[in-house]
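We count ligands from 1, going down the list as the structure has it; atoms in each ligand are counted the same way.
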Amino acid sequence: MPQVERSHIQVSDVWRRYGRGRGTFDAVRGVSFTVRPGQLFALLGTNGAGKTSTVELLEGLAAPSRGSIRLFDGLDPIADRAQIRSRTGAMLQEGGFIPHLTVRETAGMWAKLTSGPRPVPEALDLVGLAHRADVMVQNLSGGERRRLDLAVSTLSCPELLFLDEPTAGMDAEGRHATWQLIRELQEQGATILLTTHYLEEAESLADHLAIMHCGRIAASGSVSEIVADHPSMLSFGLPAPWTIHDLPVSGAVKQHHSRVTVTTGQLQKDAARLLAWAEDHDIALDRFTARPASLEEAFIRVAGDAGAQRQEDDE
Ligand SMILES: Nc1ncnc2c1ncn2[C@@H]1O[C@H](COP(=O)(O)OP(=O)(O)OP(=O)(O)O)[C@@H](O)[C@H]1O
């Protein structure tokens with residue numbers, strides 16, 4: 001019998017429209033993706049790309065204007081909210097905490113609303129807030145509030161966790177600690193959907209990522225799959241009297257002072273040709289490096305291409 005592939009999130013051609021009449025705006029435009037159990041899926045995008053608008057639909061905070069969303073192999077985020085609630089955790093962009101409660105009181109209050117919660121000290125310890133337990137929420141830094149938000153969202157040990165910009169406002173140390181925590185939650189079996197502006201965050205954590213731009217998914221796949229579609233780079237110093245016209249490469253060549261860069265879709269072939277040529281002519285290529293496109297380069301290119309396409313569609 002063929003095996004049915006399970007999914008914790010199934011999004012099919014989803015649209016989200018804000019406003020009515022003449023003032024409508026489609027913030028999400030035909031988005032589709034699947035997240036398998038145990039996967040960490042990252043939604044990346046520029047400001048206003050539609051990430052939060054999409055996550056809110058998954059959380060059942062609004063209904064899509066078109067398309068369908070199913071969680072846990074068939075549950076509707078709004079109609080089946082009661083069944084879904086105990087299995088999911090959400091960390092929103094704006095944590096709605098009461099300013100004059102302490103960290104411990106806040107987590108305790110949320111724990112009372114959760115069935116079978118993790119002990120509060122454990123939840124605070126998990127996010128590195130145990131030493132701030134008696135501090136009032138209003139006196140926390142922005143990064144500490146994000147950590148409290150994360151502690152609250154993981155109180156129920158959820159199967160599916162929505163993390164909307166979990167490390168926004170955190171310093172580098174806090175960000176790395178949070179990444180470690182997210183990895184641990186995934187190792188414990190959680191399926192995680194996270195949105196982020198930080199490419200390094202997506203690169204470090206995600207099994208699968210989708211780049212959103214202007215309401216659409218402009219590229220998706222693993223980091224290697226996304227960067228594979230983008231040109232690689234060779235870089236080296238070329239000693240005189242040799243010039244770029246002598247180089248045996250197929251890619252686009254640029255020179256800045258004595259430093260040469262070759263942008264190529266055939267990294268291995270061009271690197272091999274170049275090194276063989278240098279060897280034959282006894283040329284030392286200073287600080288020779290060969291590397292695939294970075295996620296940042298792919299992101300900038302994808303966002304640029306998608307922006308141009310959207311402008312064409314709108315015209
Ligand atoms: N309530 C609303 N009414 C009208 N437009 C909205 C509303 N909420 C969001 N938008 C618009 O929808 C678009 C997508 O917003 P959204 O917050 O989903 O983007 P995002 O990718 O999460 O952005 P960011 O990374 O800046 O948080 C933006 O152009 C935004 O201005």
Contact atoms of ligand 1, heavy-atom distance to His197 under 4.0 Å: 24 (P), 25 (O)
Salt-bridge present (Glu297, Arg291; N to O < 4.0 Å): yes
Atoms of ligand 1, numbered as shown, that sit under 4.0 Å from any heavy atom of Asn47: 23 (O), 24 (P), 25 (O), 26 (O)
For Thr52, the ligand 1 atoms whose distance to one of its heavy atoms is below 4.0 Å: 17 (O), 18 (O), 20 (P), 22 (O)
Close approach, Gly50 and ligand 1, non-hydrogen under 4.0 angstrom: yes
Pairs involving residues 271-287, ordered by first then second residue, that meet salt bridge (Lys or Arg N to Asp or Glu O under 4.0 Å) (sequence neighbours left out): Asp270-Arg273
Smallest separation among heavy atoms of His197 and Asn47, with atom names: CE1-ND2, 3.2 Å
Geometric N/O contact Ala49 with ligand 1, under 3.5 angstrom: yes
Whether Glu165 lies under 4.0 Å from ligand 1, heavy atom: yes
Results of side chain to side chain donor-acceptor pair (under 3.5 Å) for Trp15 - residues two or more places apart only: Asp13
Geometric class of the Phe236/Phe288 ring pair [parallel <30°, tilted 30-60°, perpendicular >60°]: parallel
For Ser53, the ligand 1 atoms whose distance to one of its heavy atoms is below 4.0 Å: 14 (C), 15 (O), 16 (P), 18 (O)
Straight-line distance of Phe162 CZ to Leu160 CG, nearest 0.5 Å: 4.0 Å
Nitrogen or oxygen atoms of Ala27 and ligand 1 under 3.5 Å apart: no
